[in-house]
Amino acid sequence: MDEPRPIPENALSVYKFLTSLKEPVRDTFKGQTFTIFGDVDRINPWNGNAYITLIEKAGAQSLVLKVFISEDVILRDQIDLKPKMKILIAGSVSLNKSEIQLNASSAGDIGMGKLHRQIEVWRKQFKSLFERVKKPLPLLCSNIALISNSSIQGFGDFDSHLKFGVLDVFERKMQGESTAEGIASAITEINAVGQHDIIAIVRGGGSFSDLFEFNLPILLQAITASQIPVCVAVGHESDVLLADFAADARFSTPTHLAKELTLRAENLFKQTDDKIKRI
């Protein structure tokens with residue numbers, strides 16, 4: 001039987017090795033604050049505090065970082081920790097057991113959760129706009145001001161299903177920064193002309209972030225200030241935007257709006273024909 005090899009005098013146990021690293025790590029990063037962002041992978045609550053694991057994909061690798069967030073930071077920064085959320089954390093570095101750990105001094109949601117909370121704030125702030133008496137649509141909409149972009153599918157869907165009415169197209173970007181501002185300026189411009197029966201805001205579906213501009217206060221206020229009835233047909237049936245609540249009439253899709261305007265015209269023509277026949 002082979003005899004066990006002797007342990008060298010300078011060898012350290014795992015415990016002693018990791019313990020010996022604590023002071024160098026503390027000295028190296030003493031007084032330094034690091035700001036890190038990443039996606040929350042796991043959350044382990046502990047006595048009001050939380051240990052979370054941030055993860056980032058780098059090619060075939062998944063890089064992880066342990067973070068400790070105290071109850072005080074959670075309450076002060078009003079952070080609602082959830083898996084898969086994107087979070088921004090500032091803190092100091094320490095060695096906890098065998099892992100580098102970030103001890104959070106502040107934390108903030110920088111993902112979709114933050115946007116959802118902002119929408120809820122606006123929903124309450126502009127409640128009176130949503131609950132106002134809405135302007136009825138004219139029975140016959142023959143002169144339609146269309147705010148859209150001729151390059152998008154929603155425009156094509158609306159145009160191909162509208163069988164009555166003259167379109168006056170006000171080209172605007174329908175996605176990205178300043179979209180709400182551009183649409184609001186078009187509404188103001190159309191009201192200044194004063195020759196249209198309705199204003200139709202039209203675009204197809206998209207992600208939550210793609211449609212976020214349709215929740216902005218500048219657009220809500222422009223819609224409700226319009227003297228001409230405003231119809232909003234943005235997104236798919238499942239998309240619900242604050243612009244929908246502000247509008248005088250909301251339609252689930254561009255196609256839905258085009259068919260409704262066409263049906264109103266056809267019904268009016270039929271009623272007129274019936275009256276002529278009776279006369």
Side-chain angles (χ1 to χ4, degrees), residues 74-82 85-87 108-139 141 144-148 154 158 170 172-192 194 196-257 260-261 264:
I74 293 172
L75 294 176
R76 185 197 66 208
D77 293 347
Q78 299 181 333
I79 187 75
D80 183 17
L81 294 171
K82 294 184 182 299
M85 73 184 292
K86 188 174 289 293
I87 194 171
D109 183 352
I110 57 172
M112 295 305 171
K114 182 179 181 180
L115 299 183
H116 280 292
R117 285 196 299 275
Q118 179 61 72
I119 289 174
E120 286 306 309
V121 171
W122 289 334
R123 190 191 300 272
K124 294 175 183 177
Q125 183 179 353
F126 298 104
K127 184 179 179 182
S128 61
L129 298 185
F130 306 146
E131 295 179 349
R132 80 190 196 288
V133 177
K134 305 296 178 70
K135 294 180 286 295
L137 302 187
L139 193 59
C141 300
I144 302 166
L146 178 64
I147 303 175
S148 189
F158 179 84
F170 291 76
R172 290 294 189 274
K173 62 184 288 190
M174 301 303 285
Q175 183 173 318
E177 188 176 353
S178 300
T179 292
E181 185 177 342
I183 297 173
S185 71
I187 293 173
T188 301
E189 181 182 342
I190 293 164
N191 273 268
H196 301 88
D197 299 314
I198 63 165
I199 298 172
I201 302 173
V202 167
R203 74 149 277 168
S207 67
F208 172 78
S209 58
D210 290 341
L211 301 178
F212 182 72
E213 288 273 324
F214 292 88
N215 297 291
L216 266 59
I218 189 173
L219 178 56
L220 306 181
Q221 292 165 334
I223 289 173
T224 55
S226 174
Q227 298 301 307
I228 302 170
V230 178
C231 301
V232 172
V234 174
H236 298 303
E237 292 185 21
S238 58
D239 295 318
V240 180
L241 308 163
L242 294 186
D244 293 332
F245 296 109
D248 295 294
R250 182 257 178 179
F251 296 86
S252 57
T253 63
T255 298
H256 179 203
L257 172 55
E260 176 62 25
L261 295 178
R264 291 167 71 90

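Heads up: numbering here begins at 1 and tracks the sequence.
Remark: side-chain polar atoms of Thr188 are paired, donor with acceptor, to backbone N or O of Ala184 under 3.5 angstrom.
Side-chain contact between Leu219 and Glu213 is absent, with no heavy-atom pair separated by less than 4.5 Å. Using a 4.5 Å cut-off on side-chain heavy atoms (C-beta onward), Leu261 and Ile198 make contact. In this structure, Asn191 and Ile199 have side chains that are in contact, with non-hydrogen atoms separated by less than 4.5 Å. Under the 4.5 Å side-chain criterion, counting only non-hydrogen atoms from C-beta, Ile183 is in contact with Met174. A heavy-atom distance below 4.5 Å is found between the side chains of Phe245 and Val240. Between Arg203 and Leu211 the shortest side-chain heavy-atom distance falls below 4.5 Å. A heavy-atom distance below 4.5 Å is found between the side chains of Phe130 and Leu220.
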Test log, rule salt bridge (charged side-chain N to carboxylate O under 4.0 Å, His left out), inputs Glu120 and Arg123: CA-CA 5 Å; Glu120 286 306 309; Arg123 190 191 300 272; 3.2 Å; yes
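Residues passing the salt bridge (Lys or Arg N to Asp or Glu O under 4.0 Å) test with Asp244, sequence neighbours excluded: Arg250. Applying the salt bridge (Lys or Arg N to Asp or Glu O under 4.0 Å) test to Lys134 and every residue at least two apart in sequence or in another chain returns nothing. Residues that satisfy the salt bridge (Lys or Arg N to Asp or Glu O under 4.0 Å) test with Glu189, not counting sequence neighbours, are Arg172.
Across all their heavy atoms, Leu257 and Ala200 have their closest contact at CD2-CB, 3.8 Å. For the pair Ile218 and Ala180, the tightest heavy-atom approach, listed with the atom from each and the gap, is CG2-CB, 3.8 Å. Smallest separation of non-hydrogen atoms from Lys135 and Thr224: NZ-O, 4.3 Å.
Ser209 and Ser207 share a donor-acceptor pair across their side chains, judged by distance under 3.5 Å alone.
Remark: Asp80 does not engage Arg117 in a salt bridge, criterion side-chain N to carboxylate O under 4.0 Å.
Around atom CD of Glu260, more than 12 heavy atoms belonging to other residues, nucleotides or ligands sit under 6.0 Å away.
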